[in-house]
Engineer: 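Below is the structure I would like to discuss, written out as structure tokens.
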Amino acid sequence: MGQFDPQPWKDPPLAGGLVALLDDVAVLARAAAASIDDIGAAAAKAGAKAAGVVVDDAAVTPQYVRSLAAERELPIIKRIAVGSLRNKFFIILPAVLLLSQFVPWLLTPILMLGGAYLCYEGAEKVWAKIAHHGASGAGEEKVQDETTLVSGAVRTDLILSAEIMVISLNEVIDEAFWSRLAILAVVAVVITVLVYGVVALIVKMDDAGLRLSQRSGAVATFGRGLVRAMPVVLTVLTVVGTAAMLWVGGHILLLGTNELNLHFLYEAVHDVEVAAHDATGVLGGLVGWLVNTVASAILGLIVGALVVLVMTLTLHRRKSKAAAATAAATTRADGTIPAPPSRAARRLDAPTDRAPLG
């Protein structure tokens, strides 16, 4: 009888166990890949539904950097983009997920408040343009520092991003909580990169045109055309951005009133939209959309004008009175404003509450 060798029965189970482990890993990898594919497809679908607001966001942002030096444009856009990501991940995403999970009925009123703020922003810009005409408006833009510009842009982004995320949420509301979280996180990153990437390209097109204009032939001609066109493009984007604020804000209010069972506004716009669609044949889809858009913008302008009126009669008037009182208190009888005391004078006037030395 030969000596017993344990090797023959040890090797096959080890190899079989390794094969089984690799097979399990492959199954898990396929499941993860399928899950990623599902999340990607759902994110793409949800983002597509919010495409209109994405365009608005891209149109609104360039107006915040148009008065800056060229070398400060990209840094400011980067700061706004970082603020946008903070808005989405630290404020909007937790809020919409928690609200949709526990108090979904609060989403509509909160979104309508944001829509009213957008209407106010748009109407205020329209009023500033009417009241100040060109030169003074440009002067007001120049006195704003970078922190003020970034803060204003991030506040506006908060409303537009909230609209994007809520629209996206509505498309995946039937998914499980963690799937919703993953999908909305993907939407947040992709939309932010897309919007601010496009904005960066828009505001740097004149620099690209300047470089091209230093070459020869058709390339130089194209570059000079870009340089001449960009001021016009930025002006058009400013107008489009203001109109977008009114449109998006009004549309939020229009949909919100309908969801709150105040149907008369929504039904009136819907009836006109359907009539325009049916009367224009193959162009019905475009014409119907234009009717809805114009109606939303008109509603936004009306609501925004009312908010501007209320703010002017209350908060702005109090600020004006406080500023006037401060100016009057610091103005001499002869109408001149005294200069601040010198450092030496301040030292002489300072109280001496310490005992003399010696």
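All residue numbers in this chain count up from 1 along the given sequence.
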Engineer: Would you mind reporting whether L301 and C119 have side-chain heavy atoms less than 4.5 Å apart?
Structural biologist: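 They are not in contact (no side-chain heavy atoms under 4.5 Å apart), so the answer is no.
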Engineer: A side-chain contact here means heavy atoms from C-beta on lying under 4.5 Å apart; do I202 and M230 qualify?
Structural biologist: yes
Engineer: Testing the basics here: between L299 and G250, what is the closest heavy-atom pair and its distance to 0.1 Å?
Structural biologist: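 So the two residues come closest at CD2-O, 3.6 Å.
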Engineer: Would you compute the distance between atom CD1 of I92 and atom CG of L160 and round it to the nearest 0.5 angstrom?
Structural biologist: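 So the gap between those two atoms works out to 9.5 Å.
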Engineer: Could you walk me through whether L99 and I110 satisfy the side chain to side chain contact (heavy atoms under 4.5 Å, CB included) test, starting with their C-alpha distance in whole Å, then the side-chain angles of each, then the deciding distance to 0.1 Å, before giving a yes or no?
Structural biologist: CA-CA 10 Å; L99 289 173; I110 291 174; 3.8 Å; yes
Engineer: Identify the heavy atoms of G304 and A123 that sit nearest to each other, and give their distance.
Structural biologist: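 Closest pair (atom of G304, atom of A123, distance): C-CB, 3.4 Å.
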Engineer: Is a donor on one side and an acceptor on the other found under 3.5 Å between the side chain of T257 and the backbone of L254?
Structural biologist: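 Confirmed, T257 side chain pairs with L254 backbone.
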Engineer: So, do S100 and L169 sit near enough that their side-chain heavy atoms are less than 4.5 Å apart?
Structural biologist: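 A side-chain contact exists here, since the closest heavy-atom pair is under 4.5 Å.
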Engineer: Check whether any side-chain heavy atom of T242 lies under 4.5 Å from a side-chain heavy atom of M245, and answer yes or no.
Structural biologist: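 They are not in side-chain contact.
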Engineer: Is there side-chain contact between F89 and V189, with heavy atoms separated by less than 4.5 Å?
Structural biologist: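 Counting from C-beta outward, F89 and V189 do come under 4.5 Å.
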Engineer: Let me check something: do V166 and L260 share a hydrophobic cluster, defined by ILVMFWY side-chain heavy atoms less than 4.5 Å apart, either directly or through other members?
Structural biologist: yes
Engineer: Could you pull out the closest heavy-atom pair between A220 and R215, with the gap in Å?
Structural biologist: CB-O, 3.2 Å
Engineer: Only counting residues at least two apart or in another chain, list the ones meeting side-chain contact (heavy atoms from CB on, under 4.5 Å) with T221.
Structural biologist: R224
Engineer: Give me the ring orientation class for Y117 and Y120: parallel if the planes are under 30° apart, tilted from 30 to 60°, perpendicular past 60°.
Structural biologist: tilted
Engineer: Within the structure provided, determine whether D207 and K204 are in side-chain contact (heavy-atom separation under 4.5 Å).
Structural biologist: yes
Engineer: For the atom pair CZ (R180) and CG (L97), what is the distance rounded to the nearest 0.5 Å?
Structural biologist: 6.5 Å
Engineer: Checking one residue: I302. Which other hydrophobic residues are in its cluster under the side-chain 4.5 Å linking rule?
Structural biologist: V294, I298, L306
Engineer: Heavy atoms only: give me the nearest T192-S84 pair and the separation to one decimal.
Structural biologist: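 Looking at all heavy atoms of both residues, the closest pair is OG1-OG, 3.9 Å.
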Engineer: Please round to the nearest 0.5 Å and tell me the distance separating atom CD of E267 and atom CG of L262.
Structural biologist: 11.0 Å
Engineer: Could you check if a side-chain atom of H251 sits within less than 4.5 angstrom of a side-chain atom of N292, using non-hydrogen atoms only?
Structural biologist: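 Yes. Closest side-chain heavy atoms under 4.5 Å.
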Engineer: Could you state the interatomic distance from CD1 (I164) to NZ (K88), rounded to the nearest 0.5 Å?
Structural biologist: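 One gets 5.5 Å once the value is rounded to the nearest 0.5 Å.
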Engineer: Nearest heavy-atom pair of A200 and I77: which atoms, and what distance?
Structural biologist: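 Looking at all heavy atoms of both residues, the closest pair is CA-CD1, 3.9 Å.
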Engineer: Is V269 reachable from V272 through a run of hydrophobic residues whose side-chain heavy atoms are each under 4.5 Å from the next?
Structural biologist: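 Not linked; separate clusters.
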Engineer: In terms of hydrophobic clusters joined by side-chain contacts under 4.5 Å, are L201 and I191 together?
Structural biologist: no
Engineer: Tell me whether V307 is reachable from V248 by hopping between hydrophobic residues (I, L, V, M, F, W, Y) whose side-chain heavy atoms are closer than 4.5 Å.
Structural biologist: yes
Engineer: Between V126 and V308, does the side chain to side chain contact (heavy atoms under 4.5 Å, CB included) criterion hold? Intermediate values first, please.
Structural biologist: CA-CA 11 Å; V126 172; V308 168; over 6 Å; no
Engineer: Drop me the distance from M205's CE to L212's CG, to the nearest 0.5 angstrom.
Structural biologist: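 Between atom CE of M205 and atom CG of L212 there are 8.5 Å.
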Engineer: Any heavy-atom pair between the side chains of I159 and E121 that's under 4.5 Å?
Structural biologist: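 Contact flag for E121/I159 side chains = no.
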Engineer: Who pairs with V236 by side-chain contact (heavy atoms from CB on, under 4.5 Å), at least two apart in sequence or on another chain?
Structural biologist: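 Residues passing side-chain contact (heavy atoms from CB on, under 4.5 Å) with V236: V232, V240.
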Engineer: Report the C-alpha separation of L181 and W178 in whole Å, then their side-chain angles, then the decisive distance to 0.1 Å, and conclude whether the side chain to side chain contact (heavy atoms under 4.5 Å, CB included) test is met.
Structural biologist: CA-CA 5 Å; L181 174 61; W178 294 111; 3.4 Å; yes
Engineer: Atom CG in L265, atom NE2 in H270: separation rounded to 0.5 Å?
Structural biologist: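 So the CG of L265 and the NE2 of H270 are separated by 14.5 Å.
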Engineer: Are the side chain of D157 and the backbone of I80 linked by a donor-acceptor contact shorter than 3.5 Å?
Structural biologist: no
Engineer: Can you list the steps and then say if E124 with M311 is a side chain to side chain contact (heavy atoms under 4.5 Å, CB included)?
Structural biologist: CA-CA 10 Å; E124 189 177 45; M311 295 291 286; over 6 Å; no
Engineer: So, for V287 and A276, which heavy atoms are closest and what is the spacing to 0.1 Å?
Structural biologist: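 Reported closest heavy-atom pair: CG1-CB, 3.8 Å.
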Engineer: Is it true that W247 and V239 fall in one hydrophobic cluster, defined by side-chain heavy atoms closer than 4.5 Å?
Structural biologist: no
